[in-house]
Amino acid sequence: MTSFDFGKMAFGCWRLTEPNTASVEQRLNAALDAGLCLIDTADIYGYGDSNNAISVDGAEADGFGGAEALLGDCLAAQPHLRDRMILATKGGIRPPLPYDSSRAYLTAALEASLRRLRTDYVDLYQIHRPDLLTDYLDLAQTLDGFVQSGKVRALGVSNFMPSQIRALAAHLKTPLLTHQPEISLWATAPFEDGTLDICAELSLTPLAWSPLGQGSLLQPPQSTQMKTVQLALQSCAEKYGVTPAQIALAFLLAHPIGIVPIIGTQNPQRIAESARSVDITLSREDWYRLYVARRGEAMP
Ligand SMILES: NC(=O)c1ccc[n+]([C@@H]2O[C@H](COP(=O)([O-])OP(=O)(O)OC[C@H]3O[C@@H](n4cnc5c(N)ncnc54)[C@H](OP(=O)(O)O)[C@@H]3O)[C@@H](O)[C@H]2O)c1
């Protein structure tokens, strides 16, 4: 069985578009130099982005595949970067359907991802969202086949309910390694809805998407609840002598299960700043203070 050291934080490619003040290579180097070796993309990233649709060779006309194509171009020009990373992608969102986890679709989707990424294999292949028409036995056999073919080294899921993970895991020969739900100081449901518990039960590494709430934790608040959360982040940041963004990441890193935040910033300085969150040790008291600020009322 393939196992990976995913590191403590990962770099996300949802916002990997061009033009940007930093080149794709600069952004990747910033992430890898900061110790973020898990590079997370998806075939859908770039969809609806007219820049990608026009400029990225390999992307489809609607931008689908745009982020993978940008990453693939960069890896083709700088092949040594591939050896430094754990390359993860996802498939199964098929606009406008919206989801398709059938054998025929996923097989074609994986081939297209490999072509755009200009590689023979990905380290981690994740089902992006649960397809409500999934035949779990067939999906498991399809995914096991991907691993047996050598085109995929390890498997994960994203946005699955615990029961859906269990149903898939029951049929897989290759153990799932990761689950990727949204987790942040704004999206706190996984702490109490069984998501982290199923990760513990099946020894899955939780990869947290949008760990800064898509930036909303740092941007002008749109609600009194968000304002309360931001005040708590600010007060904690002053106490620890770091930034609110770093506290928001430290909040996830503090969980003993080992949540790996997938940071989304495309700014090399912010990538480096985010990575330094691993040096912060939040006290249990401060962790709960932040949690309760988001919850809006004391714990029972
Ligand atoms: N599985 C899924 O369904 C799913 C869904 C969504 C995302 N994801 C994954 O999660 C990754 C991260 O998602 P995300 O981009 O939403 O993550 P995020 O880290 O929550 O948000 C990133 C956004 O916040 C902004 N930001 C960061 N630091 C800031 C600061 N100090 N002040 C103000 N704004 C700041 C960034 O802007 P700058 O670039 O300007 O810094 C960027 O626009 C994605 O790349 C993808 O890999 C997965």
Side-chain angles (χ1 to χ4, degrees), residues 6 9-24 26-28 30-31 34 36 38-49 66-68 70-71 85-95 98-99 113 122 124-131 156-161 165 178-188 190 195 204-222 226 229-230 233-234 237 242-253 259-277:
F6 291 112
M9 297 180 78
F11 178 66
C13 298
W14 181 26
R15 301 174 197 274
L16 192 79
T17 53
E18 280 190 330
N20 185 287
T21 47
S23 68
V24 173
Q26 283 170 327
R27 286 176 264 170
L28 278 182
L36 279 52
L38 175 59
I39 308 296
D40 179 69
T41 189
D43 56 10
I44 184 92
Y45 295 165
Y47 175 69
D49 185 313
E68 284 185 336
L70 278 175
L71 194 50
M85 66 175 62
I86 297 170
L87 180 58
T89 195
K90 315 181 200 76
I93 300 185
R94 184 183 185 184
Y99 311 129
S113 286
V122 289
L124 180 69
Y125 193 73
Q126 305 156 98
I127 300 299
H128 205 152
R129 283 191 177 269
D131 171 9
V157 291
S158 179
N159 302 301
F160 273 42
M161 290 190 294
I165 296 177
T178 60
H179 177 34
Q180 186 178 142
E182 180 180 15
I183 323 178
S184 69
L185 185 52
W186 190 244
T188 51
T195 299
L204 310 180
T205 298
L207 310 175
W209 64 260
S210 294
L212 300 178
Q214 301 189 21
S216 65
L217 287 169
L218 291 317
Q219 288 151 10
Q222 302 296 317
M226 179 59 90
V229 172
Q230 291 188 354
L233 274 175
Q234 183 61 43
V242 296
T243 66
Q246 288 175 316
I247 293 294
L249 295 170
F251 171 79
L252 300 180
L253 293 164
I259 296 171
V260 175
I262 310 173
I263 61 157
T265 181
Q266 299 295 306
N267 173 321
Q269 278 173 344
R270 280 188 184 159
I271 292 170
E273 177 195 307
S274 302
R276 289 196 294 275
S277 311

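Every number for a ligand or one of its atoms is a count from 1 in the order of the listing. Note that the coordinates shown come from a computational prediction; the quantities given were computed from them, not determined experimentally.
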Any atom of ligand 1 sitting under 4.0 Å from a heavy atom of Y45?
yes
Minimum heavy-atom distance [X]-[Y], with the two atoms named:
X    : Y   : value
P130 : Y99 : O-CD1, 3.6 Å
A10  : L36 : O-CD2, 3.7 Å
I262 : F11 : CG2-C, 3.8 Å

Near [X], which atoms of ligand 1 are under 4.0 Å from a heavy atom of that residue?
X    : value
L218 : 30 (C), 31 (N), 32 (N), 33 (C)
Q180 : 1 (N), 2 (C), 4 (C), 8 (N), 9 (C), 48 (C)
P211 : 17 (O), 18 (P), 19 (O), 20 (O)

Considering heavy atoms of the protein only, find what lies nearest to [atom] and give residue, atom and distance to 0.1 Å.
atom                    : value
atom 44 (C) of ligand 1 : W14 CB, 3.4 Å
atom 36 (C) of ligand 1 : T265 CA, 4.1 Å
atom 47 (O) of ligand 1 : D40 OD2, 2.7 Å
atom 12 (C) of ligand 1 : I262 O, 3.1 Å
atom 3 (O) of ligand 1  : N159 ND2, 2.9 Å
atom 6 (C) of ligand 1  : W209 CE3, 3.1 Å
atom 30 (C) of ligand 1 : R270 CZ, 3.5 Å

With a heavy-atom distance limit of 4.0 Å, tell me whether [X] approaches ligand 1 through its side chain, its backbone, both, or neither.
X    : answer
Q219 : side chain
S158 : side chain
E182 : neither
L217 : neither

N/O separation below 3.5 Å, [X] to ligand 1:
X    : value
L212 : yes
C13  : yes
Q214 : yes
K90  : no

Looking only at non-hydrogen atoms, which of [options] approaches [atom] most closely?
atom                    : options                : answer
atom 13 (O) of ligand 1 : A88, S210, A187        : S210
atom 21 (O) of ligand 1 : P261, G264, G215, P220 : G215
atom 39 (O) of ligand 1 : R15, Q266, H128        : Q266

Counterpart residues, side-chain contact (heavy atoms from CB on, under 4.5 Å), relative to A250 (two or more places apart)
I280, L282
Do T178 and F6 come close enough that some side-chain heavy atom pair is under 4.5 Å?
yes
Taking the side chain as every heavy atom from C-beta outward, state whether L28 and L71 have any pair of such atoms under 4.5 Å apart.
yes
Check whether Q230 reaches the backbone of P220 with its side chain - one donor and one acceptor, N or O, closer than 3.5 Å.
no
For K90 and T41, indicate whether the former's side chain and the latter's backbone hold a donor-acceptor pair under 3.5 Å.
yes
What's the spacing between I93 CD1 and I127 CD1 if we round to 0.5 Å?
10.5 Å
Determine whether the side chains of Q126 and S158 contain a donor N or O and an acceptor N or O closer than 3.5 Å.
no
Could you verify whether a donor N or O on one side chain and an acceptor N or O on the other, from Q266 and R27, lie under 3.5 Å apart?
yes
Mind checking what makes salt bridge (charged side-chain N to carboxylate O under 4.0 Å, His left out) contact with R129, not counting sequence neighbours?
none
Which class fits the ring pair Y45 and H128: parallel under 30°, tilted 30 to 60°, perpendicular over 60°?
perpendicular
